[in-house]
Amino acid sequence: MIRGILDFLRGGPGTTTTAQRQKLFFEGGPDHIYAVGDVHGCDDLLGRLEDRIFEDCRRREGTKWLIMLGDYVDRGPKSASVLDRLIAKPRADIRRFCLAGNHEDVMLDFLRNPSHDHQWLDFGGRETLYSYGLQKLPASRPALRNLLQSRIPDEHVAFLESLPSMLSIPGFCFVHAGLRDGVPLADQSDADLLWLRPSASGKVVATSGIVTIHGHTPVARVEVGQARVNVDTGAYMSGILSAVRLSRRSAPEIIQCS
């Protein structure tokens, strides 16, 4: 059991993931991008942050994208509500992209292979099940599978399965976790994109001239560096959910709510 959890945390041998996820490459980007860090079931925070982002984008001319950096579920109390929000159309003139996080992958593995000793349950999954009203799980696997299928909407599962692992525009790469040094963007593995920590990659991007925008590794304050921007401020622990706005003719700006 301990070995399995470590494998999940490291993204190494023994990790079960979905089929290869899509990578999105664009020849050009919008005038403004808002990138949001790990939500982890904190739907109230996400609602307040969206209000601030939508208010900000209404004051700005040009095209706008909202990029969610993954880890929408687990740990916090309202994962099901977060997925409902992300499936719905945004309340502003903005195009939204949702990337996959490692917690989405582990949740999917549990839904495909439900058991009482699955690593996901001790990885924030119990809180996610509570958000669907599932407090007590049946003892048998067939009964557990039937209960999950009856309580977790098909559109939630389809959404988790559809999430891409990367979005790239000239000069920027958006991922949940990190990039592997020396590997072209198109050849990056989903395991690294969803699990790699900055310390493991030496804080260097795989291709010179690219800034990586990511979450996954909680920090006290949003980190803005020359090679990467970390937007994960540990919302479920700190009570602070963060985003960064990237605009063509201005410095990055941090937007937060608590």
Can you give me the closest heavy-atom contact between [X] and [Y], atom names plus distance?
| X | Y | result |
| --- | --- | --- |
| P114 | R145 | CD-NH2, 3.5 Å |
| A177 | L196 | CB-O, 3.2 Å |
| A143 | S140 | CB-OG, 3.1 Å |
| I94 | Y34 | CD1-CD1, 3.9 Å |
| A35 | V231 | O-CG1, 3.7 Å |
| C98 | L163 | O-CD2, 3.4 Å |

Salt-bridged, [X] to [Y], with N to O below 4.0 Å?
| X | Y | answer |
| --- | --- | --- |
| K64 | D31 | no |
| D190 | R21 | no |
| E55 | R60 | no |

Quick one: [atom1] on [X] to [atom2] on [Y], what's the gap to the nearest 0.5 Å?
| X | Y | atom1 | atom2 | value |
| --- | --- | --- | --- | --- |
| R248 | T63 | CZ | OG1 | 6.5 Å |
| I213 | I33 | CD1 | CD1 | 8.5 Å |
| Y236 | L241 | OH | CG | 13.5 Å |
| L193 | Q188 | CG | CD | 5.5 Å |
| S242 | D232 | OG | CG | 8.5 Å |
| R96 | M68 | CZ | CE | 7.5 Å |

Any donor-acceptor N/O pair, [X] side chain to [Y] backbone, under 3.5 Å:
| X | Y | result |
| --- | --- | --- |
| E104 | G101 | yes |
| R85 | P90 | no |
| E253 | L246 | no |
| D43 | K78 | no |
| R151 | Y132 | yes |
| R48 | S258 | yes |
| H32 | E61 | yes |
| T233 | V219 | no |
| S79 | D74 | yes |
| D71 | H40 | no |

With a 4.5 Å limit on heavy-atom distance, are the side chains of [X] and [Y] in contact?
| X | Y | answer |
| --- | --- | --- |
| D187 | L185 | no |
| I67 | L167 | yes |
| L69 | V36 | no |
| F54 | D93 | no |
| S168 | K23 | no |
| E127 | P77 | no |
| L194 | S165 | yes |
| V39 | L45 | no |

Applying the 4.5 Å side-chain criterion to the ILVMFWY set and letting contacts propagate, would [X] and [Y] be lumped into a single cluster?
| X | Y | result |
| --- | --- | --- |
| V82 | Y130 | no |
| V175 | L86 | yes |
| I210 | F25 | yes |
| F110 | L108 | yes |
| V244 | I240 | no |

Evaluate the criterion side-chain contact (heavy atoms from CB on, under 4.5 Å) for residue pair L134 and L147; output intermediate values, then yes/no.
CA-CA 9 Å; L134 298 174; L147 179 62; 3.7 Å; yes
Whether over 12 other heavy atoms sit under 6.0 Å from Q135 CD: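 Result for CD/Q135: enclosed.
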Verify the neighbour count for atom CZ of R249: are there more than 12 heavy atoms of other residues, nucleotides or ligands below 6.0 Å?
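Counting other residues, nucleotides and ligands, CZ of R249 stays at 12 neighbours or fewer.
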Under 6.0 Å between the ring centres of F97 and W65?
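For F97 and W65, the ring centres are under 6.0 Å apart.
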### Message
Determine whether the aromatic ring centres of residues H176 and H214 are separated by less than 6.0 angstrom.
### Response
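When the ring centroids of H214 and H176 are compared, they turn out to be at least 6.0 Å apart.
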**side-chain contact (heavy atoms from CB on, under 4.5 Å) between L83 and L160, worked out** = CA-CA 9 Å; L83 297 185; L160 297 176; 4.2 Å; yes
Between D109 and H118, is any side-chain donor less than 3.5 angstrom from a side-chain acceptor?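 Short answer, yes.
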Is the terminal nitrogen or CZ of R75 (NZ for Lys, CZ for Arg) located under 6.0 angstrom from the six-membered ring centre of F123 and within 45° of that ring's axis?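 Cation-pi check for R75 and F123: passes.
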Practice prompt. Using the side-chain contact (heavy atoms from CB on, under 4.5 Å) rule, take L24 and F174 through it: C-alpha gap first, then chi angles, then the decisive distance, then the call.
Written response: CA-CA 10 Å; L24 304 179; F174 298 82; over 6 Å; no
Which is it for I53 and R245 under the side-chain contact (heavy atoms from CB on, under 4.5 Å) test, yes or no, and what are the steps along the way?
CA-CA 9 Å; I53 289 174; R245 190 189 72 241; over 6 Å; no
Start with the C-alpha distance between H156 and D84, add both sets of side-chain angles, then the distance that settles side-chain hydrogen bond (donor to acceptor under 3.5 Å, both in side chains), and finish with yes or no. CA-CA 8 Å; H156 285 196; D84 282 335; 2.7 Å; yes
